Amino acid sequence: MGIVQQTAPKQEDYSAKDIEVLEGLEPVRRRPAMFIGGTDERGLHHLVAEVLDNAMDEAVAGHATRIDLELAADNTVTVRDNGRGIPVDPHPKFKNTPALEVILTTLHSGGKFGGKVYKTSGGLHGVGLSVVNALSESLTVQVARDRRLWTQTYSRGHPKAPLKASGAVQNRRGTTVTFRPDPEIFGARARFHPTVLYRMARSKAYLFRGVEIRWSCDPALLNKKEDDTPARETLHFPGGLGDFLNSKLKDRKTITPVPFAGEAQLNGLAGKVEWVVAWPEDEDEFLNSYCNTVPTPQGGTHEAGMRAALTKGLKAYAELVNNKQAAKMTGDDVVGGACIMLSVFIHDPHFQGQTKEKLSTAEAARLVETCMRDHFDHWLSGDPESAKVLLERILVRVDTRLRRRRDRELKRQSATRRLRLPGKLTDCTRKGAEGTEVFLVEGDSAGGSAKQARNRETQAVLPLRGKILNVASASEDKRRTNQELRDIVEALGCGTGDAYDDGALRYEKIIIMTDADVDGAHIASLLMTFFFKEIPQLIENEHLFIAMPPLYRITQGATTLYARDDAHKDELLKKAFTGKANIEISRFKGLGEMPSAQLKETTMDPAKRMLLRVVVPHGHRADEIAAAKDTENLVDALMGRRPELRLAYIQEHARFVDDIDV
């Protein structure tokens, strides 16, 4: 007997009577997410945005100067403007219905399709106010027009009574919409958040300098312990986006003394663009973009134009000052870490979806790029010092990005094959990192001596060919292709920069072991510069050391001592050697000339050797941050691309030098 029995499908009737036709505002109530993005808190607050956008359109069109936004204790919101007021006369297509009622009960109805009433507007589809009406438990609209006041009340999209005249009014005009969201749609616990609405109103005031927005909220709704949202405030910002950026940055230091800010007319779209860009030192970034005062959190073509303008402008400036490294610059390098406000006003914009979160007007990219690029070129050329500092900062981001990509490639390679170690590395036998150390030595000759002198269980040796690359002055291409640096990174296994992983470090100590002469000191300086620039966490976590090999061997009879330098030699001759017996002094030509037994005894044996730990200032206190910055500036001056800084340092400190070893 089978365990699965096949049955004939149940016959169901499917005919014309099963086809539903939703009329009026019923589609909104059945599928609200199509119109406001959802029925969560975001969708709830989108209702206010729709009504507020209508009022802002009146202000931008030059017909309103004041908007009121009020939140009552019963979760009722009121938006009031002093614009022209929604028309109340009968609609030509619906002879017995006033235009106000048509707008509130009919999808895709409004005065923003033809472009005659509004040159630019946030409302486009003629569904905003009707959607709010459909999703409100109650909605009351008042229109002051031609010195008369008109009132109509709705519930869930249906008028409760005809539009009625409420009498004559003086010195008043505009539209007032008061509504409370429907708990059947949003849930019984749905509540507007005063902070969200206040920030919404404030951003609108920043975006259009000609409007004054008066915010008020029932004090019972505010939690003074959690936020500082005021119960009442008049929002008016003559400085526009610049005022907004100043309020966000406050006392934060920026790369350039003044931000890149401006506005320009958009040729071809009958609109304008306004922007302000700052690059803070802490790189705590944000990018807020708008189209016709509507937020576009997902960006769009206007943001693409802005990115192109900044990137191409900075590349052109770099080419002008003969900096070839900027060719690898991308929009993310320029915009990343920046604080940006971008606002465009254009006629008939195209958005993706009713919630208008992304601008898709193709022409906006080209026009925004053209306008901003011209102003950015003038801004850079007008302040060469700021342009130079900004370019250097962006190039640091370029280097960081390329280094991360290189580390990811190395990780992908190691994930698909066994651990790849440099061929010149003579590794230790112990598996874990605890108690192990790797010696970075100068040349194959010194490497050979070190390999014979080492403890095979805990000590590894990596010979380096001559003087390594100076990473403080080399380009990213040279750093990426330098084999010696690649060997070091692969041998350590911990990654570089932000990809550093202390747990992946293969050795507990990294010891720089070079000859005890000027050339050896130079190589040690280059290696320390590499670790400071590329793997600073290695130093901060106290893994980097410098070996102290002797420069002299002093022998008298059966007594043999080693001296680190001339001063140490003179000290030993005075204190450790007595009598008239002959004293033999030999100077080591290099580690490669030192017998392995002597190298082990003087430099590699943990019980007898001397190591210097390399340290750098780090921490979060103000003095630690200042010291870390001073160290970084000193390394850049002594090892960087600008020889004039080295000359200035030498001239300033030459008087402190007693002996010169060249």
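If you're wondering where the values come from, they're calculated on a predicted model, not measured in any experiment.
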**Evaluation steps, salt bridge (Lys or Arg N to Asp or Glu O under 4.0 Å), between D332 and R401** = CA-CA 10 Å; D332 289 339; R401 173 176 55 82; over 6 Å; no
For [Y], is there an ion pair with [X] - N to carboxylate O distance below 4.0 angstrom?
X	Y	value
E281	K629	no
D53	K204	yes
R202	E233	no
R180	D74	yes
E70	R214	no

**Message:** Run E58 and R84 through salt bridge (Lys or Arg N to Asp or Glu O under 4.0 Å) and show every step you take.
**Reply:** CA-CA 8 Å; E58 279 290 287; R84 291 167 291 183; 2.7 Å; yes
**Request:** Apply salt bridge (charged side-chain N to carboxylate O under 4.0 Å, His left out) to R397 and list each qualifying residue two or more places apart in sequence or on a separate chain.
**Result:**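 Salt bridge (charged side-chain N to carboxylate O under 4.0 Å, His left out) list for R397, sorted by chain: E283.
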**Item:** Donor on one side chain, acceptor on other, S343 and E274, under 3.5 Å
**Value:**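 E274 and S343 do not have a side-chain donor-acceptor pair below 3.5 Å.
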**Asked** Distance only, no hydrogens: is a donor on one side chain within 3.5 Å (strictly under) of an acceptor on the other, for T78 and D68?
**Response**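 Side chains of T78 and D68: no pair found under 3.5 Å.
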**Prompt:** Is the F260-W275 ring centre distance short of 6.0 angstrom?
**Reply:**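 Under 6.0 Å, so yes.
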**Request:** Give the C-alpha distance, both sets of side-chain angles, the deciding distance and a yes or no for salt bridge (Lys or Arg N to Asp or Glu O under 4.0 Å) between R66 and D81.
**Result:** CA-CA 6 Å; R66 186 181 66 252; D81 67 65; over 6 Å; no
**Request:** Could you tell me whether K160 sits above the aromatic face of Y154, with NZ or CZ closer than 6.0 angstrom to the six-membered ring centre and within 45 degrees of the axis?
**Result:** no
Can you give me every donor-acceptor pair (side chain of residues 162-171, partner residue at least two apart or in another chain, under 3.5 Å) with its distance?
{"unit_1": "S166", "atom_1": "OG", "unit_2": "T151", "atom_2": "OG1", "d": "2.9"}

